[in-house]
Amino acid sequence: MKLLEEKIILEGNVLSDSVLKVDRFLNHQIDPELMLSIGKEFAERFKNDQITKILTLESSGIAPAVMTGLILQTPVLFARKKKSLTMVDDLYHSEVYSFTKQEKTEVSVSKKLLNTNDRVLLIDDFLANGQAALALIDIVNQAEASLVGLGIVIEKTFQNGGDQLRKNGIRVESLAQILSLENGRVHFVHEEVK
Ligand code: G4P
Ligand code: NA
Ligand code: NA
């Protein structure tokens with residue numbers, strides 16, 4: 001997605017060979033117009049898939065997920081990392097393992113809000129090692145819902161999450177694919193094939 005790539009070049013900061021900071025439009029401050037364009041793009045790619053629910057993970061997945069749900073006219077459900085006072089229903093739980101932090105976070109979704117009739121589109125801001133995606137897939141499976149695919153805003157193809165998911169037959173649609181962040185520069189995948 002050209003608009004997103006331009007934004008990454010203009011406003012993203014390469015923090016290291018593996019981390020891109022995008023807190024001017026996605027991870028801290030949010031650009032609503034860009035998010036709407038992102039939502040329209042995901043909606044276009046999944047418009048024929050009879051999505052009934054979008055599932056994401058708080059916090060940074062919520063903005064792109066909501067915009068996608070707005071266009072597809074589906075509810076948007078986010079897995080919570082902390083239990084809320086009002087989460088008194090039965091919950092699905094899964095664990096997200098972070099390689100960088102070397103710790104596990106439990107994520108939860110109410111059983112009332114996801115069920116076997118749902119056709120689910122997962123949305124997230126980043127795809128790195130794929131641990132967050134695996135936890136969301138686990139929750140979809142626990143609910144015996146149908147997983148339609150994943151919509152990712154920024155995929156880092158030099159980490160193996162995307163490869164692993166695709167090898168398992170999961171449809172992954174990424175709006176920007178980053179091949180490398182070496183030498184402080186962002187290289188997108190399509191620069192290589194052109
Ligand atoms: P890891 O296995 O390499 O540790 O990464 P993991 O996929 O577990 O992601 C940990 C958090 O870091 C996630 O956010 C993920 O979206 C984010 N992340 C991964 N790679 C990058 C990157 O290159 N740049 C940025 N900005 N974020 C990245 P989270 O902890 O769930 O936080 P949030 O959703 O509340 O923002
Ligand atoms: Na994040
Ligand atoms: Na995230």
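Quick note: residue numbers are just sequence positions, from 1. These figures come from a predicted structure and were not determined experimentally. Order of appearance sets the numbers: ligands from 1, and atoms from 1 within every ligand.
Phe126 and Phe78 end up in the same hydrophobic cluster when Ile, Leu, Val, Met, Phe, Trp and Tyr side chains are linked at under 4.5 Å. Hydrophobic clustering of Ile, Leu, Val, Met, Phe, Trp and Tyr side chains at less than 4.5 Å, counting indirect connections, unites Val22 with Met35. A continuous path of ILVMFWY side-chain contacts below 4.5 Å connects Ile178 to Leu3, so both sit in one hydrophobic cluster. Leu121 and Leu113 fall into different hydrophobic clusters, defined by Ile, Leu, Val, Met, Phe, Trp and Tyr side-chain heavy atoms under 4.5 Å apart, directly or through other members. Linking ILVMFWY side-chain heavy atoms closer than 4.5 Å, directly or via other members, places Phe42 and Ile8 in a single hydrophobic cluster.
Across the listed options Ala135, Ala132, Ser60, Ser60 owns the non-hydrogen atom lying nearest to atom 33 (P) of ligand 1.
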Under 3.5 Å donor-acceptor pairs involving side-chain atoms of residues 136-148, not counting sequence neighbours:
residue, atom, partner, partner atom, Å
Asp138, OD2, Ser94, OG, 2.6
Asp138, OD2, Gln142, NE2, 3.3
Asn141, ND2, Ile137, O, 3.4
Gln142, NE2, His93, O, 2.9

If you look only at distance, which donor and acceptor atoms sit under 3.5 Å apart when one is on a side chain in residues 65-75 and the other is two or more places apart or in another chain?
residue, atom, partner, partner atom, Å
Thr68, OG1, Pro64, O, 2.7

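When each atom of ligand 1 is checked for a heavy atom of Ser98 under 4.0 Å away, the hits are 4 (O), 8 (O). Close approach of ligand 1 to Lys81 (heavy-atom distance below 4.0 Å) involves ligand atoms 29 (P), 30 (O), 31 (O), 32 (O), 33 (P), 34 (O), 35 (O). Atom numbering of ligand 1 starts at 1 in the shown order; those under 4.0 Å from a heavy atom of Lys101 are 30 (O). The atoms of ligand 1 that sit less than 4.0 Å from any heavy atom of Asp125 are 16 (O). Within the listing of ligand 1, atoms 25 (C), 26 (N) sit less than 4.0 angstrom from a heavy atom of Asn27. If you number the atoms of ligand 1 from 1 as listed, the ones under 4.0 Å from a heavy atom of Ser18 come out as 23 (O). Remark: ligand 1 atoms within the under-4.0 Å shell around heavy atoms of Asn129 are 1 (P), 2 (O), 3 (O). When each atom of ligand 1 is checked for a heavy atom of Thr100 under 4.0 Å away, the hits are 1 (P), 3 (O), 4 (O), 5 (O).
The shell of residues lying under 4.0 angstrom from ligand 1, judged by heavy atoms, excludes Leu57.
Note on Glu44 versus Lys40: no salt bridge recorded, every NZ/NE/NH1/NH2 to OD/OE distance being 4.0 Å or above.
Relative ring orientation between Tyr97 and Phe99 is described as perpendicular, the plane-to-plane angle rising above 60° on a 0-90° scale split at 30° and 60°.
Checked by distance only, ligand 1 and Ala128 stay at 3.5 Å or farther apart across all their nitrogen or oxygen atoms. An N or O contact shorter than 3.5 Å links Phe99 to ligand 1 by distance.
The N, O or S atom of Asp125 with the smallest distance to the Na ion (ligand 3) is OD1.
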